[in-house]
Structures are given as structure tokens and as C-alpha cells.
Amino acid sequence: MDEHEIQIDREALIRVFAAEAAENLGAMEQGLVALESRPDDAELVHELFRAAHTLKGSASLVGFDAVRDLAHELEALLEQVRRKALQPGPALVTLLLGSVDVLRAAVAEASAGRTEATPAVEAWRARIRRAAERGAAAEAASAPAAVGTAAPAGPRRTLRVDVWKLDRMLDLAGEIAIARGRFADMLERRQSLTVDQILEAHREADRLHLDLQDLVMKARMVAVGPAFQQQLRTVRDIAAAQGKQARLVLEGEDVEVDTAVVEHIRDPLTHMVRNALDHGIERPEVRRERGKDPVGCVTLRAFHEGSSLVVEVEDDGAGFDGQRIAARAAALGLVADAAQVGEEEVRRLVFAPGLSTSETVTEISGRGVGMDVVRRNVEALRGSVSVESHPGRGTRISIRLPLTLSIVQGFHVAVGDDTYILPLDAVVECLDLPPQERAAGEADGVLNLRGRPVPFLRLGRRLGLGGARAARESVVVVRDGPSVAGLAVDALLGESQTVVKPLSRLFRSVPGVSGSAVLGSGRVALILDVPALLREALQPSRNAAGQASPPAGGASA
């Protein structure tokens, strides 16, 4: 084996170590948060000790001495807890959680090539040693824990797959190879075969391909539980920093979704949980005055609805202060008159960039970026976000996401010679554009949809396409949460399963477009961003909402 081969093996070993270390540290973090409420749970202490011992052994195997030595000090401290020489009170748990954070940083530095221990790691080793000698309370008092350090160092790019699934994939790959050979042979002998025989061979190969595609998609499905459990630390640290009491309730931890979706929802989840604790959950004395349990409750919930994943973050706190949000929006110039802002407008303003109702800027809030980040990140995943709030009773924020990011059930429409794709989940219905609207030729307008005014825009005008309008135009009514609008197109082409291709950097900033797909003809079709198009369609009619009546003789369906 040459030096190059040894280097490749070394890099693979480090990747495996980093993935296992991340899992170990995540499990330790969740165990420590649980230990604070169950200090007499001996089995939990044993699990924490074993995790530290495993990390020490793995670090020694790859030669990461700094990680090994720090894990050894942590193991020694946990051994004292196991022998009941130290009691796992809040001060000790805070110190141990800080150790997990330092270990995460040490693993990242060692994986990047740094062999020697940093001053921060050496200082923390000494701190753990002193805590074992002097008691954790005195040491932790001199080093309060940082807030919100529960987020992982970066998205994991590893995935564990059951061996039986890999075996089945291999079997299907073999069957596809046989089918391809048979199909190629039939094409060679096509003059002696009927069209039906060739089509049947093609259908058989297509069925095998779809089976393999379905199995690959299932192999990528993972439970949302681990992503939810990471928020236990967030709730614990922020509540402690703000003098509040709160617990996190998890529902639907076994719900599965594509691993790429899980990776992308971690940041939105953290923002929503932090927002619930900072703005929603009241201090214990305030909750007592209002007749509530002094311990606030934040619920993380996941469930499947159709072909979508729905994740909800619900709290039993104070709810949104509509008047305060409207006043802040008016001060920032987002609305003209705070007194005219309705409930629906308040829900929209919650996600406005730069809007915050905090009086002061802290590590947690006050910069107006939290909910804006949630909306942008969710829409980047072809999802939507909505909010429901009741003053004095709490708030529920719901995000709806596709189960997978690589395949979408799409509805194809034509504008001129080009084809565009709308996610089928967003399509409500289709209807003809009324003659008077076609004659007017305006870029946008309002339809009468069974007595309800629905704004619409011409997709060709929106995308800057030239050319003459079609003699007959159709409207695709689309929905994003409670918002509904229409898109006028030249033709409806029907639905099909679409493989999503990412946009090149040149087109990523184009508003209204979220991806691309290669059609059966070989041409490229753009996948439309429905939430962005809806915002544009609804914006002109917001100020006039409730003032203009549906045009007489408009479309009705």
C-alpha cells in the first residue's frame, strides 16, 4: 500500500470519527438536559459515562490527543457523579453542557488538521479538574454557560441505511441491467417484432426503474426526532438566561422525511423556538398573576399531511401584541397607518425583514432577523409558513415542506413556446380567463371566483416574456397558506413527476423561480416559486382589500 492510499484511508477514518463524535456529543447533550430533571437516574449517568469513554477511545484511535485528554477529564468527572461523590445539580449540568460545546469545537479543529490543544481546550480541562476537586458549584459560578449553543457545527453528510435496502437496490440494479439488455436486443430485431412487444419491454424496464427510485427515496428518509431533540438544549439555556421556566414537549418524533429537508429545517426550528421563549413565554411571576402554570410549555410537533411534512412550534405564552407590531411597522415605514392594520396584515408583518418588538438588542433578539430568516429558509425549500396567535393564550407557527427536495409532482403550463412547472400541491383549480380580461390585456387584474375576489397576474408579463398573447388564456389558481391568487398562462399541459435540478448561480437571484427540470423533449423548464409570485400578485390589492368589489361578469367556477 503506497503513501497516497494510506492518506485516503486516514481521511475516511477521520470522516467516520467526526460523524460518530457528533452523534455521541448530541446524545450526551440530550442526556444532560434530561439529567437536570432526573438527577437520581443512575442509568442515565451510566449512559453519559459510556458516551464520554467511547469518545475518548475513538479520539485515541485517530490520534486526536486534545479531544482524547478533554474527554478523559470529562469521564473522570462523570465517574464521580456515578459514585455519588458529586450531585448532578443545575451548576454541574451547566458545566457538563459547556464541556460538550468545547468538545464539539475540539473535534472540528482536530478534523481540520490542528493537532495541538488550543488554549481554550486547556483552560476547560483545568476547569473540569478543579470542579472535580472543589465541587462543581463554585467552578460553574465563575463561568456561566453561553446561550443557544445547541446548534450542530454543520449539516451531516452521512446517512445510515439498512443492509436489506442496499441488497434490494443491488437486486433491482441487476434486474434493470437485464431489462436494458433485453430491450437493446429487441431494438436490434425490431423488424421481426410488433410495436406492442417493444412497448411491453419498455414498460417493464420503466417499472423496475420506478421501483429503484422509490427505494432510493425511502433510504433517504430519516426521523425528525434527532432534529427536535437538539432544541432541548436551546430551551434550557435561554430559559435559564432570562429567568424563565419552560419545558419542551416533542410530538411526532418518528415522522420521516428526506434527510436533506431535516438538514435545512434546523436553523428555522432554532429561530422559532428562541422566538417562542423570548417573546412568548412569560416570566414565572407574570404567569402566576395570569392564572397560568409558572412553567411555560413549548411544543414541537410534526405530522404528514398529504405529500407534505408539517412542523408546528406552539407555545402557551402571551401571544402576539398586534398593536405593538403595527406601531413598530409604522415606525419603520412598512405600513402607512398603524390604526388601519388588520389581523391578517399583522400575521404578514411578523415575517417582515428588520421588524422586532424588542426594546433592546440582546444575544437572543432585537435585530429583527429571526422570523424573516424562517420565512426565507422555508420558501427556499419550496415550503410555506403561517402563524396563528391568540392574545394571552399563545402562538402556533406552522411550516409546510415537501417530503423530498429532489422530486416534485408538478403541474406543467405553457407561456409562449416555453414550459413552466408549478408544484402540484400549490394548485387549487384551473379556469378560463374571462373574455373581458383578455380584451383588457392588463398585466394583472381581479377575478370573481364564486363571489370571492381573487387577484391574478399574467405569468408572461411577470417573467418579462415578449410575443403575442394566445387567443385563449387559462388561469391556474394557486395557494400558499391562506393566500390565494391566479396565474394567467397560455395553455395547461397537465401533471407529471419532475426531477428537480438546482439553478446555476446566474439564475439563483431571479425572483419567482426556485429550480429547473429537464423535460422529456430535452428542453429545460423552470420550476416556479409560488410564495414569491403570490406576494407580488397580492401586494397591489392589499391596500384596496375590502374596498373593490368583484368585477361584474367575471370568471365564476
Side-chain angles (χ1 to χ4, degrees), residues 8-9 11-28 30-31 43 47 50-51 54-55 57-58 61-62 152 154-184 200-230 250-266 300-311 381 401-409 496-501:
I8 291 176
D9 289 343
E11 291 174 357
L13 186 62
I14 290 175
R15 285 196 298 271
V16 172
F17 165 77
E20 291 183 349
E23 291 182 2
N24 255 326
L25 291 170
M28 288 183 68
Q30 294 158 26
E43 181 56 34
E47 290 177 5
R50 286 193 292 268
T54 299
L55 181 60
S58 300
L61 180 65
V62 293
R156 297 179 191 172
R157 302 305 303 170
T158 60
L159 183 65
R160 292 184 177 179
V161 181
D162 290 336
V163 173
W164 74 265
K165 290 183 180 179
L166 295 177
D167 290 341
R168 179 58 183 150
M169 288 180 197
L170 186 61
D171 290 342
L172 282 171
E175 292 180 35
I176 289 173
I178 294 171
R180 286 180 61 195
R182 177 171 173 252
F183 192 57
E200 180 59 31
H202 174 268
R203 291 192 188 100
E204 175 63 17
D206 193 49
R207 182 190 64 78
L208 291 170
H209 170 265
L210 290 176
D211 286 348
L212 180 59
Q213 175 183 286
D214 184 59
L215 193 56
V216 170
M217 299 305 300
K218 287 180 179 177
R220 289 178 56 88
M221 302 291 276
V222 296
V224 299
F228 278 11
Q229 291 161 5
Q230 290 173 359
L250 305 180
E251 298 178 6
E253 294 177 79
D254 57 344
V255 170
E256 291 189 334
V257 69
D258 191 284
T259 182
V261 176
V262 171
E263 290 173 358
H264 284 88
I265 65 171
R266 286 193 175 98
L300 261 179
R301 182 183 300 113
F303 55 91
H304 287 151
E305 191 170 273
S307 59
S308 299
L309 168 73
V310 179
V311 176
L381 299 175
L401 298 163
L403 291 179
T404 178
L405 302 181
S406 56
I407 293 179
V408 60
Q409 196 68 19
S496 70
Q497 195 175 70
T498 302
V499 178
V500 180
K501 300 292 184 183

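Heavy atoms only: backbone and side chains are in, while hydrogens, waters and symmetry mates are out.
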>> Assess whether a salt bridge exists between Arg168 and Glu175, defined as any Lys/Arg side-chain N lying under 4.0 Å from an Asp/Glu carboxylate O.
In response: yes

Hits for side chain to side chain contact (heavy atoms under 4.5 Å, CB included) against Asp162, two or more places apart or cross-chain, chain-then-number order -> Trp164, Lys165

Residue set satisfying salt bridge (charged side-chain N to carboxylate O under 4.0 Å, His left out) with Arg50, at least two apart, ordered chain then number -> Glu43

To the nearest 0.5 Å, atom CD of Glu200 lies from atom CD of Glu204 at 7.0 Å

By side chain to side chain contact (heavy atoms under 4.5 Å, CB included), Val500 pairs with (sequence neighbours left out) Arg382, Val408, Ile527

Interatomic distance, CD1@Ile176 vs CE@Met169, rounded to 0.5 Å, equals 11.5 Å

For Pro402 and Val257, the nearest pair of non-hydrogen atoms, with its separation, is O-CG2, 4.2 Å

By side chain to side chain contact (heavy atoms under 4.5 Å, CB included), Ala179 pairs with (sequence neighbours left out) Ala205, Leu208

Is there a side chain to side chain contact (heavy atoms under 4.5 Å, CB included) between Leu309 and His304? Walk through the geometry before answering. CA-CA 5 Å; Leu309 168 73; His304 287 151; 4.2 Å; yes

Heavy-atom closest pair (Ala260 atom, Arg220 atom, distance to 0.1 Å) is CB-NH2, 3.6 Å

Output for pair (Leu210 CG, Asp206 CG), nearest 0.5 Å, gives 4.5 Å

d(Gln213 CD, Leu172 CG) to nearest 0.5 Å is 12.0 Å

Can a donor-acceptor pair be found, under 3.5 Å and without considering hydrogens, that links the side chain of His202 to the backbone of Phe183? no

- request: Mark yes when over 12 heavy atoms from residues, nucleotides or ligands other than Arg180 sit less than 6.0 Å from its CZ; otherwise mark no.
  value: no

Heavy atoms of Val224 and Gly252 approach each other most closely as CG2-O, 3.5 Å

Of all heavy-atom pairs linking Val255 and Phe303, the shortest is CG2-CA, 4.0 Å

For Ile178, the side chain to side chain contact (heavy atoms under 4.5 Å, CB included) test, sequence neighbours excluded, returns none

Across all chains, not counting sequence neighbours, the side chain to side chain donor-acceptor pair (under 3.5 Å) partners of Asp214 are Lys218

Rounding to 0.5 Å, atoms CD (Glu47) and OG1 (Thr54) come to a distance of 11.5 Å

CZ of Phe228 to CG of Leu300, rounded to nearest 0.5 Å, is 5.0 Å

Assess the residue pair Asp258 and Met217 against the criterion (side chain to side chain contact (heavy atoms under 4.5 Å, CB included)); give the C-alpha distance rounded to whole Å, side-chain angles, the decisive distance to 0.1 Å, and a yes or no. CA-CA 7 Å; Asp258 191 284; Met217 299 305 300; 3.9 Å; yes

Going by atom types alone, do Gln230 and Gln30 pair a side-chain donor with an acceptor below 3.5 Å?
no

Shortest non-hydrogen pair, Glu253 vs Ala223, comes out as O-CB, 3.4 Å

